[in-house]
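Presented below is the structure to which this report refers.
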Amino acid sequence: MSRFITVAHRRLLDRLWPWLCAASVALSLLMLTALLTLLLVRGLGHFWPASLEEITLRSGDVVAGQAIRETPLPQKIGNERLYFTGNRDIDGASWRWVDVDNIIARTTPADLIRLERAPWGDFIGRLESLEAGGQRMMGQAAWDYLAAALALPADQRPTGQLLLTTADGQALSQPLSTTSRALAPNAMSWGQKTRLWGSSVWQFLSEGPRAANTSGGVWPAIFGTVLMVILMSVIVTPFGVLAAIYLNEIAHQNRLTRLVRIGVRNLAGVPSIVYGVFGLGVFVYGIGGTLDTWFFSATLPSPTFGTGGLLWASLTLALLTLPVVIVATEEGLARIPDAQREGAMALGATRLEMLTRVVLPMTVPAMLTGVILAVARAAGEVAPLMLVGVAKLAPQMPVDGEFPYLHLERKFMHLGYHLFDTAFHGEDVQAAMPLVYATALLLVLIVLVLNLTAIFLRHYFRRQRGNEC
């Protein structure tokens, strides 16, 4: 009887096992899809010119702004809606919660505008008139002049004053020189909104941040991330490959070699902040301080290399990702049949020729996989960079037209740190949240592209070499 039950249990497990595996894959894909959908909707949706509402409350107050979200009221029946109202210089705040039950009228007037300006952030209200060149323009003439002026470069714009009014009738005079963009989203067609959305996404990718990272773009962060990853790859690839070759092809396979392998694999699990502390103590203060003493003594006590910079950040992340490259390359070397090595040696090849002409070409897919995985990890690391060179806002790019063109001692911006700083250290976290989602989406896409590149390169070299490594 017990034997029959055991057989029945095994048959049941055999039937359930494929379904459990399929369910795990489906759940993983579902979570990934949910993550990407959230980032796409919240991130790219931020650049869509949303309609502006004008609401009238039971108290008689009139409020204009963009509806953001609606949540249930605590300890009360009903909902409250969050509006972005702008006008921080007038109202002292850019956000307002409104009890939905208190709204008696809700419209979307075509003459409501949204101005992006400095230093007080967005203005939401109406354009009454524009004074420029000794003339006062109103209505469509004022709007056309404003659009033409904002299309010019900042240093070529004419001087003038915008006469504005808020939804509740308060007047405001705004210099034209401090205005960067003007929108009338309620009067725009779907085609105009689509073109504006594409232009806004391009500005996000090609411009620098503004207003304490709550607006503007992330181009310096993209550039700094890519440049740091390239330098890291140039440093880590030869060291990782040579270390793997020595461990698998040259070193005697004894207890010491096994201990070294265990150490390398354990280094892959060390928290990244520990590498940051090591980079700060050894690279920045140790090597960098020594370089300043030898070559830049005239600039001391202001450090040149004795402070965080691009070079030390790249070296720290190279050390962080070195175990990944070593392990991946060594696994590829171990999978090459010994017959390939013995055949090359039997045909008269030297040991060096056997390694360079037979073994290493067959290991290229594994090497590339290790490098790309290292790049993917380095692109998202933040903790060590906070200690060895990343900056909230870098005043100068690491690459410019001045000799030596590549300035390794300069600080740089990074997408991961920009994401962290915008989410937790901005002046207006609520306003920065859409940019947080957009930056996170960009970072996820970069890592996704790198991993897909690894897969395609592996398959390409497998087909080229006809091996299974």
Side-chain angles (χ1 to χ4, degrees), residues 47 49-50 52 54 64-66 84-94 109-188 192-193 195-220 393-397 400-401 426-428 431-432 435:
F47 303 105
L52 300 176
E54 187 174 73
Q66 176 187 344
F84 175 72
T85 57
N87 307 347
R88 185 160 54 93
D89 51 339
I90 299 176
D91 302 327
S94 301
D111 60 344
L112 276 181
I113 66 169
R114 182 170 182 169
L115 296 182
E116 295 182 6
R117 55 186 184 146
W120 294 105
D122 290 4
F123 168 85
I124 296 178
R126 290 178 171 85
L127 174 63
E128 297 296 332
S129 63
L130 189 151
E131 295 181 354
Q135 299 181 353
R136 182 173 183 178
M137 293 161 279
M138 303 178 67
Q140 188 62 39
W143 182 256
D144 292 341
Y145 185 91
L146 175 61
L150 294 180
L152 298 173
D155 57 346
Q156 299 179 13
R157 291 177 187 171
T159 58
Q161 291 286 329
L162 305 176
L163 302 180
L164 311 168
T165 57
T166 63
D168 56 359
Q170 299 185 60
L172 175 68
S173 179
Q174 178 71 33
L176 180 59
S177 59
T178 61
T179 304
S180 58
R181 188 161 71 164
L183 302 175
N186 296 346
M188 297 174 65
Q192 292 173 326
K193 289 186 176 182
R195 289 192 295 272
L196 181 60
W197 177 85
S199 174
S200 299
V201 172
W202 173 248
Q203 290 178 1
F204 174 71
L205 297 175
S206 61
E207 294 183 355
R210 301 190 304 269
N213 292 344
T214 59
S215 63
V218 293
W219 165 244
L393 185 63
Q396 294 176 304
M397 298 286 278
D400 58 22
E427 295 179 357
D428 191 346
L435 293 180

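The nearest pair of heavy atoms linking Ala50 to Gln66 is CB-NE2, 3.5 Å. Of all heavy-atom pairs spanning Gln161 and Ser173, the tightest one is OE1-OG, 2.7 Å. Of all non-hydrogen atoms in Phe47 and Phe204, the two that sit nearest each other are CZ-CG, 3.5 Å. Heavy-atom minimum distance, Asn186 versus Ala110: CB-CA, 4.0 Å. Heavy atoms only, all atoms of each residue included: Pro119 and Arg88 are closest at O-NH2, 3.4 Å. Nearest heavy-atom pair across Ala118 and Gln174 is O-NE2, 4.2 Å.
The salt bridge (Lys or Arg N to Asp or Glu O under 4.0 Å) test with Asp122 is passed by exactly one of Arg181, Arg117, Arg114: Arg114.
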Q) Can you check side-chain contact (heavy atoms from CB on, under 4.5 Å) on Arg157 and Thr179, steps first, answer last? A) CA-CA 10 Å; Arg157 291 177 187 171; Thr179 304; 5.7 Å; no
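Using a 4.5 Å heavy-atom threshold, the side chains of Asn87 and Trp120 count as separate. Arg126 has its side chain within reach of Pro109: a pair of non-hydrogen atoms, C-beta onward, lies under 4.5 Å apart. Contact of the Asp91 side chain with the Thr166 side chain is not registered, since no non-hydrogen atoms from C-beta on lie closer than 4.5 Å.
Separation of atoms CG (Leu164) and CD1 (Ile113) is listed at 5.5 Å; rounding is to 0.5 Å. Between the OH atom in Tyr145 and the CG atom in Leu127 there is a gap of 13.0 Å [rounded to 0.5 Å]. From Leu112, atom CG reaches atom CD1 of Ile124 across 8.5 Å, with rounding to the nearest 0.5 Å. Between the OG atom in Ser180 and the CD atom in Glu116 there is a gap of 5.0 Å [rounded to 0.5 Å]. Atom CG of Leu150 sits about 6.0 Å away from atom CG of Leu176, to the nearest 0.5 Å.
Not one N or O on the side chain of Thr85 forms a donor-acceptor pair closer than 3.5 Å with the backbone of Gly65. Formation of a donor-acceptor pair under 3.5 Å by the Ser200 side chain with backbone atoms of Leu196 is found in this model. Thr165 places no side-chain N or O within 3.5 Å of a backbone atom of Ala171 that could act as its donor or acceptor partner.
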Listed pairs under 3.5 Å, donor-acceptor, residues 131-141 side chains, sequence neighbours left out:
unit_1, atom_1, unit_2, atom_2, d
Arg136, NE, Ser129, OG, 3.3
Arg136, NH2, Ser129, OG, 3.4
Gln140, NE2, Asp144, OD1, 2.8

